[in-house]
Q: 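Dropping the structure in here first, questions after.
The first residue in the sequence is number 1, and the count goes up from there. Every value quoted in this text rests on a predicted model; they were computed, and no experiment measured them.
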Amino acid sequence: MMKALYLSDTDARRAAISRLLEQKDIAFERVDNVTTALRTLMTSRFELIISELRLKDLDAYDLIKLMRKFNLNQPVIVLDDETNDLERALVQNEGGFDLVNSKDLENLSTAIEEVLILA
């Protein structure tokens with residue numbers, strides 16, 4: 001069973017995304033900030049990271065940079081309410097797997113399936 005770390009500091013889409021992960025039979029742990037995420041990643045094994053772009057302490061770009069600094073190479077799917085090609089390219093350039101509109105669960109599901117294929 002795949003295990004994911006889900007970073008979310010808002011309730012806006014949390015329930016829908018949690019249901020999607022459960023439907024895909026993906027165990028997940030939710031944290032609400034980058035600092036806790038890094039601590040969790042250093043002590044537990046996860047195959048996938050899903051993170052909101054904007055978080056209260058740091059953002060998903062900071063998460064990806066810090067993960068790479070600590071040799072944590074799990075794929076990171078970044079969620080945001082507004083997505084565009086430039087922002088997607090920036091996420092991928094930083095080492096993220098993809099940027100997905102958090103309102104579009106079908107695209108999130110597709111991105112997760114792509115990670116599962118590559119795993």
Q: State, with a plain yes or no, whether a side-chain heavy atom of Ile26 is found less than 4.5 Å away from one of Leu20.
A: no
Q: Are a donor atom and an acceptor atom from the side chains of Asn107 and Asp104 found within less than 3.5 Å of each other?
A: yes
Q: Quickly, which of Lys3, Arg45, Glu47, Met67 forms a side chain to side chain contact (heavy atoms under 4.5 Å, CB included) with Gln74? Name it, please.
A: Met67
Q: What's the spacing between Phe46 CZ and Leu41 CG if we round to 0.5 Å?
A: 6.5 Å
Q: Applying side-chain contact (heavy atoms from CB on, under 4.5 Å), can you list everything that pairs with Ala89, at least two apart in sequence or on another chain?
A: none
Q: Any salt bridge (charged side-chain N to carboxylate O under 4.0 Å, His left out) pairs touching residues 21-36, not counting sequence neighbours?
A: Lys24-Glu113
Q: Do Phe28 and Val76 belong together in a cluster built from hydrophobic side chains that touch within less than 4.5 Å?
A: no
Q: What distance separates Glu82 CD from Asn84 CG, expressed to the nearest 0.5 Å?
A: 8.5 Å
Q: Could you tell me whether Asp85 atom CG has more than 12 heavy atoms of other residues or ligands within 6.0 Å of it?
A: no
Q: Could you tell me the separation between the CG atom of Asn73 and the CG atom of Asn71, rounded to the nearest 0.5 Å?
A: 6.0 Å
Q: Locate the shortest heavy-atom distance separating Arg14 from Asp11; write the atom from each residue and the value.
A: NH1-OD1, 2.6 Å
Q: Answer with yes or no whether the hydrophobic clustering places Leu48 together with Tyr61; edges join I, L, V, M, F, W, Y residues whose side-chain heavy atoms lie under 4.5 Å apart.
A: no
Q: Closest approach of Ile64 and Gly96, non-hydrogen atoms and distance?
A: CD1-CA, 3.7 Å
Q: Just jot down the side-chain contact (heavy atoms from CB on, under 4.5 Å) partners of Arg39, sequence neighbours excluded, or say none.
A: Thr35
Q: What distance do Ser109 atom OG and Leu116 atom CG have between them, rounded to the nearest 0.5 Å?
A: 9.0 Å
Q: Testing the basics here: between Leu63 and Ala37, what is the closest heavy-atom pair and its distance to 0.1 Å?
A: CD1-CB, 4.3 Å
Q: Roughly how far, to the nearest 0.5 Å, is the CG atom of Asn93 from the CG atom of Leu86?
A: 10.5 Å
Q: Side-chain contact test, heavy atoms from C-beta onward, threshold under 4.5 Å: evaluate it for Ser51 versus Leu53 and give yes or no.
A: no
Q: Could you go through Glu87 and Val78, starting from their C-alpha distance and side-chain angles, then the distance that decides it, and tell me whether this counts as side chain to side chain contact (heavy atoms under 4.5 Å, CB included)?
A: CA-CA 10 Å; Glu87 199 76 38; Val78 178; over 6 Å; no
Q: Donor-acceptor check, side chain of Arg88 to backbone of Thr83, threshold 3.5 angstrom: yes or no?
A: no
Q: With rounding to the nearest 0.5 Å, note down the distance linking CG in Leu38 to CG in Leu72.
A: 7.0 Å
Q: I'd like to know if Ile117 and Val100 are part of one continuous hydrophobic network [Ile/Leu/Val/Met/Phe/Trp/Tyr, side-chain heavy atoms within less than 4.5 Å].
A: no
Q: Can you list the residues that meet the side-chain contact (heavy atoms from CB on, under 4.5 Å) rule with Leu118, with sequence neighbours excluded?
A: Phe97
Q: Identify, with sequence neighbours excluded, every residue that meets side-chain contact (heavy atoms from CB on, under 4.5 Å) alongside Ser102.
A: Arg13, Leu79, Asp81
Q: Do the non-hydrogen side-chain atoms of Leu5 and Thr40 ever get within less than 4.5 Å of each other?
A: yes
Q: Tell me whether Tyr6 shares a hydrophobic cluster with Val115, the cluster being built from Ile, Leu, Val, Met, Phe, Trp, Tyr side chains joined at under 4.5 Å.
A: yes
Q: Do Ile77 and Ile49 have side chains that approach each other closer than 4.5 Å (heavy atoms only, starting at C-beta)?
A: no
Q: Does Leu7 reach the side chain of Leu55, with side-chain heavy atoms less than 4.5 Å apart?
A: yes
Q: What are the two closest heavy atoms between Val34 and Asp57, and how far apart are they?
A: N-OD2, 3.1 Å
Q: Does the side chain of Leu90 reach to within under 4.5 Å of the side chain of Leu99, using non-hydrogen atoms?
A: no
Q: If hydrophobic residues (ILVMFWY) are linked whenever their side-chain heavy atoms come closer than 4.5 Å, directly or via other members, who joins Met1 in its cluster?
A: none
Q: So, do Glu52 and Asp80 sit near enough that their side-chain heavy atoms are less than 4.5 Å apart?
A: no
Q: Say whether Thr36 and Asn33, considering side chains only, have a donor N or O and an acceptor N or O under 3.5 Å apart.
A: yes
